[in-house]
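Below is one structure, written out as structure tokens; the observations come after it.
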Amino acid sequence: MEECAPGGCLMELCIQLSIIMLGKQLIQNNLFEIGIPKMKKLIRYLKSKRQSYKDHEEHLKKKQRYEEDHNLEPFAGLTPEYMEMIIQFGFVTLFVASFPLAPLFALLNNIIEIRLDAKKFITELRRPVAVRAKDIGIWYNIIRGVGKLAVIINAFVISFTSDFIPRLVYLYMYSPDGTMHGFVNHTLSYFNVSDFKPGNEPTQPVDFGYKVEVCRYKDYREPAWSLNKYDINKDYWAVLAARLAFVIVFQNLVMFMSDFVDWIIPDIPKDISEQIHREKVLVVEVFLKEEQGKLQMLETWKERERKKGENCKSPRLSRSQRGSSASMYCHRADV
């Protein structure tokens, strides 16, 4: 296995991310995104032009807007657009510790892509069918998952691929004068040349001017004169414990800050929430007024029916008139 450079693996990861953000995101994706629809549109136009020569009269006729739009590329949905944004979000958040300029390049790419997407949707694609949606769907859960995973990955990148934790451990545990003087010597172990396999030992002493007896290499292991030579020493476990502690503290601290900011800044602004509450109160008041109006109408109707019932029993009329009037009023009351 190839080991990282003496400065750590962050530089190699930084170079890879710069190639991805500059070459792939900023150049390749944007060129393909505007070039491929243009090529398909040109091919479809050439095919339609070849067919139009067979019917010259229809070719001379002025085409409607929908007929011209038929030559455009069909709308394939928003899944490729969401996928591109999720991949970019993953590169920016997961490895931002090794390439801090990734958010800047992502911003430049998005500024350019906004205009390219607008031109593509207006001039290169057919008009999409509008559909109502509550939110972006499953993509929101994917973004939340990537964001939580990014915290853990960045914590491991900082602690295991850099000398940040070993330097702190040496500064607060092993430094005799409280400085970083002697840190490199502390990270190097001893290896006896006589323990090399035949043919792998250093070259002849004449090349160096002196005989080589001991080599130094970067690792936390016991020296050659120890009883347990070349075994992992206690410094290795101290650095490993500090790295794991840093991962746990970093993760919980970032999660706490994220939840605190989420609590401080609500999803719905205060003025909008007050407006929604005011609208609910107005709806309840209108509903209560309607119910009160219905109740008053019902009471009024019952009062009229009661008065009509009293008129049916009025003794002022003659027997014949009373019978006909009573039957009329009673008939109305029944209806």
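Positions are given from 1, in the same order as the sequence printed here. Not measured: the values here are computed from a predicted model. The basis for the numbers below is simple: all heavy atoms, side chains too, and nothing from hydrogens, waters or symmetry mates.
Nearest approach of Ala242 to Ile165, heavy atoms of both residues: CB-CG2, 3.6 Å. Summarising the geometry of Ala106 relative to Val92, their closest heavy-atom pair is CB-CG2, 3.6 Å, with the distance given to 0.1 Å. Nearest heavy-atom pair, Leu94 versus Ala150, reported as atom, atom and distance to 0.1 Å: CD2-CA, 3.5 Å. Taking every heavy atom of both residues into account, Phe196 and Cys215 meet most closely at CE1-SG, 4.3 Å. Among all heavy-atom pairs drawn from Leu125 and Pro74, the shortest one is CD2-O, 4.1 Å. Scanning both residues, Pro176 and Tyr170, for their nearest heavy atoms gives CD-OH, 4.1 Å.
Between Tyr190 and Trp225, the ring planes are tilted. Angles from 30° to 60° get that label. Between Phe191 and Tyr217, the ring planes are perpendicular. Angles over 60° get that label, and only those under 30° would be called parallel.
Between atom CD1 of residue Ile232 and atom CZ of residue Arg221 there is a gap of 5.0 Å, rounded to the nearest 0.5 Å. Taken to the nearest 0.5 Å, the OG atom of Ser159 stands 9.5 Å off from the CG atom of Leu240. The CD atom of Glu291 lies 12.0 Å from the CD atom of Gln296; values are rounded to the nearest 0.5 Å. Going from atom CD of Glu113 over to atom CE of Met85 covers 4.0 Å, rounded to the nearest 0.5 Å. The CZ atom of Phe89 sits 11.5 Å away from the CD1 atom of Ile142 when rounded to the nearest 0.5 Å.
No side-chain donor from either of Asp219 and Tyr236 sits under 3.5 Å from a side-chain acceptor of the other. Side chain to side chain, Asp177 and Thr179 meet the donor-acceptor criterion of an N or O pair below 3.5 Å. Side-chain polar atoms of Tyr174 and Asp235 form a donor-acceptor pair below 3.5 angstrom.
Val151 and Leu253 fall into different hydrophobic clusters, where Ile, Leu, Val, Met, Phe, Trp and Tyr residues are linked whenever their side-chain heavy atoms come under 4.5 Å apart, directly or through other members. Under a hydrophobic-cluster definition in which Ile, Leu, Val, Met, Phe, Trp and Tyr are linked whenever side-chain heavy atoms come within less than 4.5 Å, directly or via other members, Leu107 and Val96 are assigned to different clusters. Cluster annotation: Phe91 and Ile143 are assigned to the same hydrophobic cluster (Ile/Leu/Val/Met/Phe/Trp/Tyr, side-chain heavy-atom contacts under 4.5 Å, transitive). No continuous path of ILVMFWY side-chain contacts below 4.5 Å connects Leu288 to Leu282, so the two sit in separate hydrophobic clusters. Clustering ILVMFWY residues whenever any of their side-chain heavy atoms sit less than 4.5 angstrom apart, transitively, puts Phe246 in the very cluster that holds Val239.
Taking the ring centre of Phe75 as origin, the terminal cationic atom of Arg127 falls outside the region bounded by 6.0 Å and 45° from the ring axis.
Within a 6.0 Å radius of CE in Met255, other residues, nucleotides and ligands contribute more than 12 heavy atoms. For NE2 of His181, the number of neighbouring non-hydrogen atoms (other residues, nucleotides, ligands) closer than 6.0 Å is 12 at most. For CD1 of Ile268, the number of neighbouring non-hydrogen atoms (other residues, nucleotides, ligands) closer than 6.0 Å is 12 at most. Enclosure of atom CZ in Arg126 by more than 12 non-hydrogen atoms of other residues, nucleotides or ligands within 6.0 angstrom is indicated.
Side-chain contact between Asn185 and Arg216 is present, with heavy atoms from C-beta onward closer than 4.5 Å. Side-chain contact between Tyr82 and Ile138 is absent, with no heavy atoms from C-beta onward closer than 4.5 Å. Residues Phe250 and Ile152 fail the side-chain proximity criterion, which asks for heavy atoms closer than 4.5 Å. Side chains of Glu279 and Gln275 form a contact here, defined as non-hydrogen atoms less than 4.5 Å apart. Lys120 has its side chain within reach of Glu81: a pair of non-hydrogen atoms, C-beta onward, lies under 4.5 Å apart. In this structure, Phe99 and Ser18 have side chains that are in contact, with non-hydrogen atoms separated by less than 4.5 Å. Side-chain contact check for Arg243 versus Val169: every heavy-atom pair is 4.5 Å or farther apart.
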**Prompt:** Run the ring pair (Phe, Tyr, Trp, His ring centres under 6.0 Å) check on Tyr220 and Trp237 step by step: do they pass?
**Reply:** CA-CA 9 Å; Tyr220 293 99; Trp237 299 111; over 10 Å; no
**Request:** Apply side-chain contact (heavy atoms from CB on, under 4.5 Å) to the pair Phe121 and Asp117, showing each step before the final yes or no.
**Result:** CA-CA 6 Å; Phe121 278 97; Asp117 283 343; 4.3 Å; yes
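Between Lys218 and Asp163, at least one side-chain N (NZ, or NE/NH1/NH2) sits under 4.0 Å from a carboxylate O, which counts as a salt bridge. Checked for salt-bridge contact, Glu299 and Arg306 miss the test: no charged N lies under 4.0 Å from a carboxylate O.
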